[in-house]
Structures are given as C-alpha cells and as structure tokens.
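Right, one structure below, let's go through it.
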Amino acid sequence: MTRLLALDTSTEACSVALWADGAVVEEIYEIAERSHTQRLLPMIETVLNDAGLQLGDLDGLVCTRGPGSFTGIRVGVSAAQGLAFAAELPVLPLSTLAVLAWQGVQAEHGKERWQVVMDARMGEIYYAAYAWLNGKLTVLADEQLLAPAELDVWADHTVGRIGAGWQLPILAEHSSLVALSLPRAATAAAFAAHLLQQDGAALWQPPDALQPVYLRDQVTHGR
C-alpha cells in the first residue's frame, strides 16, 4: 500500500493531501496568499494526525516544484526537503503545469490535448502543452515563459484548456476550467500515484535532488 504526502504552494493556494489505500484520504486546501510559510507546517501536522500517521509511515513525499510563485515554490520545496531528510524519505517532484493538466484530464474526459497557462505576473504567462493518450500524459510543448500574445491557441475541439492564465483579459475569450484553475495537493498526490504505478520506484529522488523551477531568472520580492 502506497502512502504519499503531497504539498503544493506554487500559487496563492496552499494545500496538503494524503494518499493511502488507493485514494486521497485527507486534504486541506486554502487560499493563503502570502501566508504559506505560516500555514504549511500546521496543515501537514493536521493531515497526518487526522489519519493517525507519522512521517515515518509514508513511502515518500510529493511536491510541486514550479513554475509558479517564487516565494511559494521556495516554501514548498524547502519544507519537502526538510521533512524528507528528517524522516529519510524519497521525494517525487512534479511540474505545476503537469499537475494542472492532470486535473483537466480527470475533470473533462474526451480531450486529447491540453494547453496549460498560469499567470506569471509581470505581463507574462507560464505555458506547457500535453497529450493524453492510452492512459499516459506526455509533453507536447515544454514549460516556457511567454508573453500572452505569443501563445498559439489551439482551436481543435479535442483540446482542453486549464489554468488561471486563461482568465487574463487577452486570453479570456477562450474557455477554460475556471473552477480548477489553481493546482492542488490532492491532484498532485493522485498524479504521483498514477506515475508510480506506471514507472515504479525509478521516479523517486533523494531530497537533495529536489530543485525549484522558476523559468524566470529575475526573482521579484514577494513573488
């Protein structure tokens, strides 16, 4: 039985989820804005206590490693590393954009390709595209930083769109799964379990291998 603790702090949302017995059994999800540092560890403690588990009972930690909020990513990655070192657990880092694509796949069946757009602030977006085929999510366009006007919007009816970036004025005419526009730990946990079932233990990494992905070199205070 695989037990995973998943963390996501890559946007204004902050969430923690526990995967066990083949499902998400606990989750706390909050819009935390700039309070990720204060909220994350108490959320982790609550989720584990409610499930009657300790860190040592887990098989590993799952963490979204970006792109997203600079501050949020640092908080999540640092927490995952610290907990993994303390409990001698491996980590499984996930792309925030891939997690959003997985959310879309689970919510809207029949879409073969997914365009994921996050608001990167400073007049830019984070973008990646994925294909969903034979139960596997594969990359069609790598993670990148773009101006919204540079985005090639696919009009095919088999294309799904997800992410808060689609709500920007220049992109707002295109439909998206607005209710699922932010990533969450429950999805990260389920996605990680799916990947582990497909590819096994080779996906696990030591804690010191966990690195944030910003895409933008300039780190702005508060982001």
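Sequence positions, counted from 1, serve as the residue numbers for this chain. Just so you know, these numbers come straight off a predicted model, no measurement behind them.
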Practice item. Starting from the C-alpha separation in whole Å, work towards a yes-or-no answer on side-chain contact (heavy atoms from CB on, under 4.5 Å) for L5 and I44. Key: CA-CA 8 Å; L5 184 71; I44 292 170; 3.7 Å; yes

Practice item. Check step by step if side-chain contact (heavy atoms from CB on, under 4.5 Å) holds for L53 and V47. Key: CA-CA 9 Å; L53 296 176; V47 164; over 6 Å; no

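Under the 4.5 Å side-chain heavy-atom criterion for ILVMFWY residues, a single connected hydrophobic cluster contains both W154 and I170. The hydrophobic cluster containing V159 does not contain Y130, counting ILVMFWY residues as joined when their side-chain heavy atoms lie under 4.5 angstrom apart, directly or transitively. Cluster membership for L41 and L55, using ILVMFWY side-chain heavy atoms within less than 4.5 angstrom, is shared. By the criterion of side-chain heavy atoms lying less than 4.5 angstrom apart, applied directly or through intervening Ile, Leu, Val, Met, Phe, Trp or Tyr residues, W102 is grouped together with V139 in one hydrophobic cluster. In terms of hydrophobic clustering, with Ile, Leu, Val, Met, Phe, Trp and Tyr side chains grouped at heavy-atom distances under 4.5 Å, L61 and V25 are assigned to a common cluster.
Among all heavy-atom pairs drawn from K136 and D199, the shortest one is NZ-OD2, 3.9 Å. Heavy atoms only, all atoms of each residue included: A155 and R161 are closest at CA-NH2, 3.8 Å. Pairing each heavy atom of L182 with each of L100, the nearest pair is C-CD2, 3.7 Å. Heavy atoms only, all atoms of each residue included: L210 and A80 are closest at CD2-CB, 3.8 Å. Scanning all heavy atoms of the two residues, the minimum distance from L94 to A188 falls at CD1-O, 3.4 Å. Summarising the geometry of Q103 relative to R184, their closest heavy-atom pair is OE1-N, 3.0 Å, with the distance given to 0.1 Å.
Using a 3.5 Å distance cut-off with no hydrogens or angles, the side chains of Y127 and Q115 do pair a donor with an acceptor. Using a 3.5 Å distance cut-off with no hydrogens or angles, the side chains of T2 and D59 do not pair a donor with an acceptor.
Using a 4.5 Å cut-off on side-chain heavy atoms (C-beta onward), S95 and V213 make no contact. Side-chain contact between L168 and D119: present, with at least one pair of heavy atoms (C-beta onward) separated by less than 4.5 Å. Contact check for D8 versus V99: no side-chain heavy atoms found under the 4.5 Å cut-off. Using a 4.5 Å heavy-atom threshold, the side chains of V91 and W204 count as separate. The shortest distance between side-chain heavy atoms of E27 and S15 falls below 4.5 Å. In this structure the side chain of W166 never reaches within 4.5 angstrom of the side chain of V178, judged on heavy atoms. The side-chain heavy atoms of V105 and F191, taken from C-beta on, include no pair separated by under 4.5 Å. No side-chain heavy atom of V24 sits less than 4.5 Å from a side-chain heavy atom of T187.
The neighbour count for E45 CD, taken as heavy atoms of other residues, nucleotides or ligands under 6.0 Å away, does not exceed 12. Other residues, nucleotides and ligands place more than 12 heavy atoms under 6.0 Å from the CD atom of Q106.
Between W132 and H194, the angle of the ring planes lies from 30° to 60°, which puts this pair in the tilted group.
For the atom pair SG of C14 and CD of Q38, the computed distance is 10.0 Å after rounding to the nearest 0.5 Å.
Residue I125 is tested with L145, V116, V117 for a side chain to side chain contact (heavy atoms under 4.5 Å, CB included); the sole match is V117.
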